[in-house]
Amino acid sequence: MNRFLPFVIAALCWSVAGAALAQITFDRQYFEGLVGTYSETSFWINLTTDPTSALAVQGIIDNANGPNQTYDFSALPFAAGGTADFEFTTNVASFPGASRPEFASANVGSISHFSEETQSGTIEGTGYFFGQLNDGALLQLGTWVVTADSSFALSYSPPDSVYELPLTFGTAWTSTTTLMVGGIGLPESNSAVVEGYGTLMLPGGRMAQALRIKRISESGFGFSNITYDFETLEGHWATIDVSVMSFPPLPPVETLEWAEYGTSQKTTAIDDEGGLPESFVLHQNYPNPFNPETAIPFELSAPGHASMRVYDTLGRDVATLVDATLPAGSHRVMWTPDGLPSGIYYYTLDVNGESRTKSLLLMK
């Protein structure tokens, strides 16, 4: 269920009802305004095992193209998918992997933490997404992935277009690129078009104006993927995924795979041009797990004395990272443990009588 989540989350919570239908536009200024941290909850349906929902979703695909449409997902039996926290930032120079030549032109990016269950156990790590934003497009350069066992790059050559800008009804684009993974190149051919706009309706009575984007991704091996993305300025979305098998002279076979929607909330604003964050916030360190060094970001809404200390699982104070009076704004401290064993540690930030604590994992 891959999508370009960090770049389609907006800064508003929503409860829009009865809004007048109108065409909306995503431009460079919109994406620049997304800087901050977010919390998102997603929900999904496996359409291969739910023929009733598959029929309803097929109706949305077939009958909701063009202007002034209604994209009604509100009655579908979605199940909880998961929650995620991530940060969108312009400070990509601080990312691990930023020195790689394929990421040199990045000016926007995101930090997201993941945990996935596999046959061999749980894999946890951090992904650092590198993008390039200009007046005409939002491009993806690739991602630097850090886990407890390894670090590696996924990169696109040439950079692939996520959105052409301004993005509005009728915008269309194509791209041909190669996804590089561990020295192996996987060719991709992509096309997209904004083929409709109207009102997106989700469970719980949520409504907002949306663009409908159809994307086709072809690998050249007889398999391709079609996604229908419904994007709103409020940062809530829905996606339908269709797999396609094509082996001429047989006709292509399309299979509805899944439908998903998400609701998000901005938790802090981080203004790289000097604006103040909305609250006192301690962020998750990255990378996590880490070795040998990790970064810990935090924000202060007002000047004050800040103290950040690290403790082991027995409550022993093992490091002092900050002990100073700091101005309001965004801050980041680096920690390189010296002589400490692998394991879970806790870092606590005390500011003006308030305290925040998070855990981190050192892997050697």
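One is the number of the first residue; the rest follow in order along the sequence. Values below: all heavy atoms of this structure, side chains included; hydrogens, waters and symmetry mates excluded.
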Within the 3.5 Å criterion, strictly below it, is a donor on Thr48 or Asn46 matched to an acceptor on the partner's side chain?
yes
Report yes or no: do Gln69 and Asn65 form a side-chain donor-acceptor pair below 3.5 Å?
no
Just list the side-chain donor-acceptor pairs under 3.5 Å for residues 243-254, sequence neighbours left out, or say none.
from	atom 1	to	atom 2	distance (Å)
Ser243	OG	Glu257	OE2	2.7

Compare every heavy atom of [Y] with every heavy atom of [X], then report the nearest pair and how far apart it is.
X	Y	value
Glu218	Asn190	N-OD1, 4.3 Å
Ile213	Ala192	CG2-CB, 4.4 Å
Thr126	His113	OG1-ND1, 3.1 Å
Val333	Phe298	CG1-CE2, 4.4 Å
Thr168	Ile24	OG1-O, 3.2 Å
Asn91	Ser94	O-OG, 3.0 Å

Separation of [Y] [atom2] from [X] [atom1] (nearest 0.5 Å):
X	Y	atom1	atom2	result
Asn291	Ser342	CG	OG	7.0 Å
Thr37	Gln284	OG1	CD	12.5 Å
Ser307	Asn352	OG	CG	11.5 Å
Leu139	Ser105	CG	OG	8.0 Å
Arg206	Glu234	CZ	CD	12.5 Å
Asp72	Asn63	CG	CG	12.5 Å

Is the shortest side-chain heavy-atom distance between [X] and [Y] below 4.5 Å?
X	Y	result
Leu300	Pro327	no
Trp144	Ser151	yes
Glu231	Tyr163	yes
Tyr347	Leu360	yes
Thr348	Arg309	no
Tyr311	Tyr345	no
Ile226	Ile240	no
Leu340	Val318	yes

Parallel, tilted or perpendicular, judged at 30° and 60°: which one describes the rings of Trp335 and Phe290?
tilted
Would one find more than 12 heavy atoms of other residues, nucleotides or ligands at under 6.0 Å from atom CG of Asp62?
yes
Grouping I, L, V, M, F, W and Y whenever their side-chain heavy atoms are under 4.5 Å apart, do [X] and [Y] come out in a common cluster?
X	Y	answer
Leu362	Tyr346	no
Val193	Val162	no
Phe152	Met180	no
Leu233	Leu133	yes
Phe78	Val242	yes

Given the rule in the side chain to side chain contact (heavy atoms under 4.5 Å, CB included) test, do Val108 and Thr89 qualify, once you have shown the distances and angles that lead to the verdict?
CA-CA 6 Å; Val108 294; Thr89 179; over 6 Å; no
With distance as the sole test, does [X] use its side chain to make a donor-acceptor pair with the main-chain N or O of [Y] at under 3.5 Å?
X	Y	result
Asp50	Ile45	no
Ser191	Trp173	no
Thr147	Gly125	no
Glu260	Gly81	no
Thr178	Leu186	no

Go through it in stages, so that I can follow the logic: the residues are Ser175 and Asp160, the test is side-chain hydrogen bond (donor to acceptor under 3.5 Å, both in side chains), and I'd like the CA-CA distance, side-chain angles, deciding distance and then a yes or no.
CA-CA 6 Å; Ser175 64; Asp160 190 32; 2.5 Å; yes
For Asp85 and His283, run side-chain hydrogen bond (donor to acceptor under 3.5 Å, both in side chains): C-alpha distance rounded to whole Å, both residues' side-chain angles, the deciding distance at 0.1 Å, then the answer.
CA-CA 10 Å; Asp85 296 307; His283 293 290; over 6 Å; no
With sequence neighbours excluded, tell me which residues meet ring-ring contact (aromatic ring centres under 6.0 Å, His included) with [X].
X	result
Phe103	Phe130
Tyr128	Phe95, Tyr286
Tyr228	none

Could you work out, with side-chain hydrogen bond (donor to acceptor under 3.5 Å, both in side chains) as the rule, every residue matching Asp135, not counting sequence neighbours?
Arg28
Let's go through Val92 and Asn107 carefully: what are the C-alpha distance in whole Å and the side-chain angles of both, what is the deciding distance for side chain to side chain contact (heavy atoms under 4.5 Å, CB included) to 0.1 Å, and is it a yes or a no?
CA-CA 6 Å; Val92 292; Asn107 60 1; 5.6 Å; no
When Phe73 is tested against each of Phe43, Tyr261, Phe230 for ring-ring contact (aromatic ring centres under 6.0 Å, His included), which residue passes?
Phe230
Considering only residues two or more places apart or on different chains, which pairs with a residue in residues 191-205 satisfy salt bridge (Lys or Arg N to Asp or Glu O under 4.0 Å)?
Glu195-Arg212
Mind running side chain to side chain contact (heavy atoms under 4.5 Å, CB included) on Leu282 and Ile296 for me, showing each step along the way?
CA-CA 8 Å; Leu282 175 63; Ile296 303 175; 3.9 Å; yes
Result of checking Asn225, Asp229, Thr227 against Arg215 for side-chain hydrogen bond (donor to acceptor under 3.5 Å, both in side chains)
Asp229
Could you walk me through whether Leu202 and Ser74 satisfy the side chain to side chain contact (heavy atoms under 4.5 Å, CB included) test, starting with their C-alpha distance in whole Å, then the side-chain angles of each, then the deciding distance to 0.1 Å, before giving a yes or no?
CA-CA 4 Å; Leu202 296 178; Ser74 61; 6.0 Å; no
